[in-house]
Amino acid sequence: MPQPDTTIEVRDFGPLTRAAIDLRPLTVFVGPSNAGKTYLATLISALHRACGGFPRIPPRGLFITERTERIPAVQAATGAVRENLLTPGRPLTCSDLPDSVRARFRDIIDSVAVDLAEEIKRLFDVEDCTELIRWTAPHRQFHVSLRLREGEQDLWRVTMGASPRGETAEGVIDDMVLVRADATDAERRALGGRSRPNPAALFEDLLDYAARTGRPPRVHHLPAARSGILQSQRIIAGSLVERLSRTGSTRRGGELPTLSGVTTDFIRGLILYQERTTLDETIRVIAEELERDPLHGEIRARRPVPAGHPEFIYQPQGTTEDIRLSRASSMVTELAPVLLLLRGGLEPGDTLIIDEVEAHLHPAIQARLAALLAHLVRADVRVVITTHSDWLLRELGNLLRAGELARRTTGTPENGALTPAEVGVWLFQGQHSGFAVREIPFDEIEGIEPEEYETVAETLYNRSADLQNRLQEAAAGGDTARGD
């Protein structure tokens, strides 16, 4: 089932003065360093975790309790809901539900907003959300909102703010359609039949049907420091184990330092890593291609001690030598976390966030990453990246051109190509006092090149041309002097 349209807005959050973005299957953040790209990527991670992904229906258990379902009014309303369900051609919306169920909806949305505040503190490693207010904000407060839509229909939204007076959180659910008017008679009978007269069961079935629930989607966030963390993973794991013991804690004393939740989650994933025995076929192919080129070798996990934390090794192609990742190149350790996710945790429907996706990679490999991202989109993985790579953006432009060409010639997307509706590239612009965000639209001629990259290229070219002219003048002057 297609994911609902997801819009995220912020005001005076971290370095950002304002931003309003639509999450696409591939969302790209570009712009100067220290402009808020990682802040916004981390906020997306917090929203995803607090909201259980970005589902059509907020996933928060039963919307009616065993205690309230015995109230005669609830039972009578349940009968009306069943009657509406069994009426062909009639949609069922939230306004058709009993007051107690809609109140439960509101409670759940409000709890999502409260969870968001706690998740922001954890991922950003702050004790108080006010630490994230833009330091030059005139009103000393920030505002965050998430809105989900389906076509022209609002589904639900969450807002959260922080100021010196405290935190505010609110959730709103709109009169969304739970069962469409074109639902089949068989679907209506299955939902409204009397084989499960329990009201709680009816509403649980309704919400499952409306949301098409399956495994809750997960978010996987690879921080910018992933290469260094992976290279020192064994030392980090050993230190953590020692500090957890009473003697280790006593010997060192003092308060334990903390890490951001993004880094903590990444380290936890390494320590608890288990490779899955079955993989989605498309994701399996992507993993094999990544090992074939550009890794040119295998990444494997082994446990020197049974049930201990894993050690990751790299075996180059054509050899039987195992190399610990602490001795492998930065290219290998930069791409290894992506491969480990493909084989150990990433599934269709998940969200993958990668900070500084091009770090430590040759320009040719940066360009190849664009194809990897496109294949992940085809595998139904939502991808969010931050980048400074002109090479990656140029190849994304080529993949978008290939998608448009296929659409105009064959009418179907080319395998591995992208369409403009699938890609959102957002440019962070401003000064140190605050940055705003705007979308860079795809252009068939220009691609998705940020203007500032063109400015840098032009500045370098002009400086190069000026120095060449001066060198030639100096050479001509030297020849004249020698002639005299």
pair I440-V30: side-chain heavy atoms closer than 4.5 Å: yes
4.5 Å side-chain heavy-atom contact, T7 and R149: no
Counterpart residues, ring pair (Phe, Tyr, Trp, His ring centres under 6.0 Å), relative to F142 (two or more places apart): F13
Non-hydrogen side-chain atoms of L295 and M331 separated by less than 4.5 Å: yes
Pairwise salt bridge (charged side-chain N to carboxylate O under 4.0 Å, His left out) hits with a residue in residues 10-19, at least two apart: D12-R134
E452 and P32, any side-chain heavy atoms less than 4.5 Å apart: yes
Side-chain ion pair, R408 and E444, N-O less than 4.0 Å: yes
SB check E281 R284 (cutoff 4.0 Å): yes
Check ion pair E291-R300 (N to O, under 4.0 angstrom): no
Sidechain N-carboxylate O distance under 4.0 Å for E422, R24: no
Sequence neighbours excluded - salt bridge (charged side-chain N to carboxylate O under 4.0 Å, His left out) pairs with any residue from residues 361-370: E289-R368, D293-R368
Any donor-acceptor N/O pair, Q366 side chain to L361 backbone, under 3.5 Å: yes
Ion pair R226/E334, N-O distance below 4.0 Å: yes
pair L376-L346: side-chain heavy atoms closer than 4.5 Å: yes
Minimum side-chain heavy-atom gap F442-L396 below 4.5 Å: no
Side-chain donor or acceptor of S464 paired with backbone N/O of L460 under 3.5 Å: no
Sub-4.5 Å side-chain heavy-atom contact between F54 and L23: yes
H220/D350 under side-chain hydrogen bond (donor to acceptor under 3.5 Å, both in side chains): CA gap, chis, key distance, verdict: CA-CA 8 Å; H220 311 269; D350 287 353; 3.0 Å; yes
Sole candidate of L146, D22, L47 that passes side-chain contact (heavy atoms from CB on, under 4.5 Å) when paired with T6: L146
Shortest non-hydrogen separation from P223 to V262 and the atoms involved: CB-CG1, 3.9 Å
Smallest separation among heavy atoms of S163 and Q141, with atom names: CB-CB, 3.6 Å
Pairwise side-chain contact, R157 with E170, heavy-atom cut-off 4.5 Å (strictly under): no
Approximate separation, where rounding is to 0.5 Å, of F266 CZ and I271 CD1: 11.0 Å
Result of checking T42, D355, D265 against H221 for side chain to side chain donor-acceptor pair (under 3.5 Å): D355
Under 3.5 Å: donor-acceptor pair, side chain of K37, backbone of G31: yes
Donor-acceptor contact below 3.5 Å, side chain E395 vs main chain L369: no
From CD1 (I173) to CG (D110), nearest 0.5 Å: 11.0 Å
N/O donor-acceptor pair under 3.5 Å between T159 side chain and S145 backbone: no
R147 with E9: basic N within carboxylate O range, under 4.0 Å: no
